[in-house]
Number of protein chains: 2
Amino acid sequence: MESALDKTDLKIIELLRNNARYSFADLGRKISLSPSAVRERVQRLEDEGIIRKYKTLFDREKLGYGLEAIVMLKLFSGKLQAFMTAVDQFPEIMECYRVTGPQNIHMKVVLKDQRHLQNFIDRLIIYGDTTTHLILSDLVENEHIEKPLSG
Amino acid sequence: MESALDKTDLKIIELLRNNARYSFADLGRKISLSPSAVRERVQRLEDEGIIRKYKTLFDREKLGYGLEAIVMLKLFSGKLQAFMTAVDQFPEIMECYRVTGPQNIHMKVVLKDQRHLQNFIDRLIIYGDTTTHLILSDLVENEHIEKPLSG
DNA sequence: TTTGAAATCCATGAACA
DNA sequence: TGTTCATGGATTTCAAA
């Protein structure tokens, strides 16, 4: 376990990074390896925890969640544990990090509208003081979708 | 185009969200629909841009990128355009948002070590003033991996 | 670690309700 | 939109190298 990654592993990682739906046969064609061998390697990457998850990204606006925001939280003394266990109860929280600095929690949240944001902030207030920055645009994840299984 | 999502679409979305590698047959079994019908719906969701991308998430520490940080940038006047076109040149930037507030850019970056962080900050300084918060832990995306194609 | 063979399962597209 | 069905591929398992 925890063996080093060779070049073949890195090639598989790069391919799967931007299209989690490549088949083992697809990957094998691209890196000149049999489907069985690819499967063996992908399973090893999963078992060692190097591959964490296969996620689908959606257009949140089209799903009715038109508002995204970065919310920073300065936790009240002694509230960290309570907040950590409560995080899962907030479906709005897409990402949540404990960070260095006075605002010790940073999260990315997705909301339907401003009313929803207000409600969300109200539910956070028992844990700490919030600072909110609305997201105006996404400067990185703008790649067009790649069709699965297509060359 | 742009037709409303029904309950079946939402079920497919929920399933794909946390396992992008489900086959059409898998999805069909879970929601009692034929593989062809599932395929039809997934393709529609892709064509309408509701499904944006299938991504694989990796354990960055195990890939040799042990340092993650939130970096906020207060752009110098007139530097927005230059920064927007330069963003793609920074492989360290995993996410990057233009936000409201005095720090008008928020990004999540991934780095090998502190030396790398210093180098990264140095390369940003021509665009604006940076504020850096090291990520200590991830409070949300800690789900265990789901094996592809397994019930 | 990889290949290749065999059995099983899936994707795809056409015909049709 | 949906099902069924034919067929060409893909997955899976395992023996062998």
Side-chain angles (χ1 to χ4, degrees), chain A residues 1-59 62-64 144-151, chain B residues 1-59 62-64 144-151:
Chain A
M1 164 166 220
E2 289 305 301
S3 53
L5 299 168
D6 64 14
K7 281 186 181 173
T8 306
D9 289 325
L10 293 175
K11 281 188 209 159
I12 292 173
I13 285 171
E14 271 320 302
L15 289 166
L16 282 179
R17 183 191 300 284
N18 286 308
N19 189 351
R21 281 180 76 82
Y22 279 134
S23 69
F24 299 133
D26 280 327
L27 295 169
R29 259 175 248 115
K30 284 172 185 286
I31 64 174
S32 306
L33 209 61
S34 71
S36 317
V38 173
R39 182 170 187 275
E40 195 67 33
R41 280 170 180 271
V42 170
Q43 281 194 331
R44 206 197 66 230
L45 292 172
E46 291 177 356
D47 292 342
E48 292 183 357
I50 291 162
I51 290 177
R52 288 178 49 222
K53 208 159 179 58
Y54 302 103
K55 296 211 92 174
T56 302
L57 303 185
F58 301 94
D59 185 319
K62 290 183 176 150
L63 291 181
H144 275 292
I145 190 166
E146 292 176 54
K147 287 295 171 56
L149 316 179
S150 65
Chain B
M1 172 164 217
E2 291 303 303
S3 54
L5 299 167
D6 63 14
K7 282 185 181 173
T8 305
D9 289 326
L10 293 175
K11 280 188 211 162
I12 291 172
I13 285 170
E14 271 320 303
L15 289 166
L16 282 179
R17 183 190 301 284
N18 287 306
N19 189 351
R21 281 181 74 83
Y22 279 133
S23 66
F24 299 134
D26 280 327
L27 295 168
R29 258 176 248 114
K30 284 173 184 288
I31 65 174
S32 305
L33 210 62
S34 69
S36 311
V38 172
R39 180 172 185 273
E40 197 67 30
R41 281 172 179 269
V42 171
Q43 282 194 332
R44 208 198 62 232
L45 292 171
E46 292 177 355
D47 292 343
E48 293 184 357
I50 290 163
I51 290 177
R52 288 178 48 221
K53 207 161 179 58
Y54 302 103
K55 294 209 99 176
T56 303
L57 303 185
F58 301 94
D59 185 318
K62 290 182 175 148
L63 292 181
H144 276 292
I145 190 167
E146 292 177 52
K147 288 296 170 58
L149 317 180
S150 67

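- Distance from the side chain of A:Ser23 is smallest to D:dA10 among D:dA10, C:dT1, D:dC5.
- When all heavy atoms of B:Ala20 and B:Tyr54 are compared, the closest pair comes out as CB-CD2, 3.7 Å.
- Here the C1' atom of nucleotide C:dA11 and the OH atom of A:Tyr22 are 18 Å apart, to the nearest Å.
- Across the protein-nucleic acid pair, A:Leu27 atom CG and D:dG9 atom P stand 19 Å apart, rounded to whole Å.
- Rounded to a whole Å, the CG atom of B:Leu45 is 14 Å from the C1' atom of D:dT1.
- Counting heavy atoms from C-beta outward, B:Asn18 and A:Lys55 have side chains that approach closer than 4.5 Å.
- When the nucleotides C:dT12, C:dT2, C:dT3 are ranked by their closest atom to the side chain of B:Pro35, C:dT12 comes out on top.
- Counting to the nearest Å, the C1' atom of C:dT1 and the CG atom of A:Asp47 are 16 Å from each other.
- Of the listed nucleotides (D:dT1, D:dG2, C:dT2), C:dT2 has the atom at the smallest distance from the side chain of A:Arg41.
- Judged by atom type and distance alone, A:Ser36 reaches the base of C:dG4 through a side-chain donor-acceptor pair under 3.5 Å.
- Contact record, A:Phe58 with B:Leu16: CZ-CB, 4.4 Å, taken as the closest heavy-atom pair.
- Rounded to a whole Å, the CZ atom of B:Phe24 is 14 Å from the C1' atom of D:dG9.
- Atom CG of A:Asp26 is separated from atom P of D:dG8 by 19 Å (rounded to the nearest Å).
- Looking at A:Arg21 and A:Asp26, no side-chain N of the basic residue comes within less than 4.0 Å of a carboxylate O on the acidic one, giving no salt bridge.
- Within 4.0 Å (heavy atoms only), A:Ala25 reaches sugar-phosphate atoms of the nucleic acid but no base atom.
- Taking all atoms of both residues into account, the shortest heavy-atom contact from B:Glu48 to A:Lys62 is O-NZ, 3.1 Å.
- For C:dA11, neither phosphate oxygen OP1 nor OP2 lies less than 4.0 angstrom from any side-chain nitrogen or oxygen of A:Arg21.
- Within the structure, every side-chain polar atom (N or O) of A:Arg39 is placed at least 4.0 Å from both OP1 and OP2 of C:dT2.
- Residue A:Leu33 contributes atom CG, which lies 9 Å from atom C1' of C:dT1 at whole-angstrom precision.
- For the pair A:Glu40 CD and C:dT3 P, the computed distance is 12 Å after rounding to whole Å.
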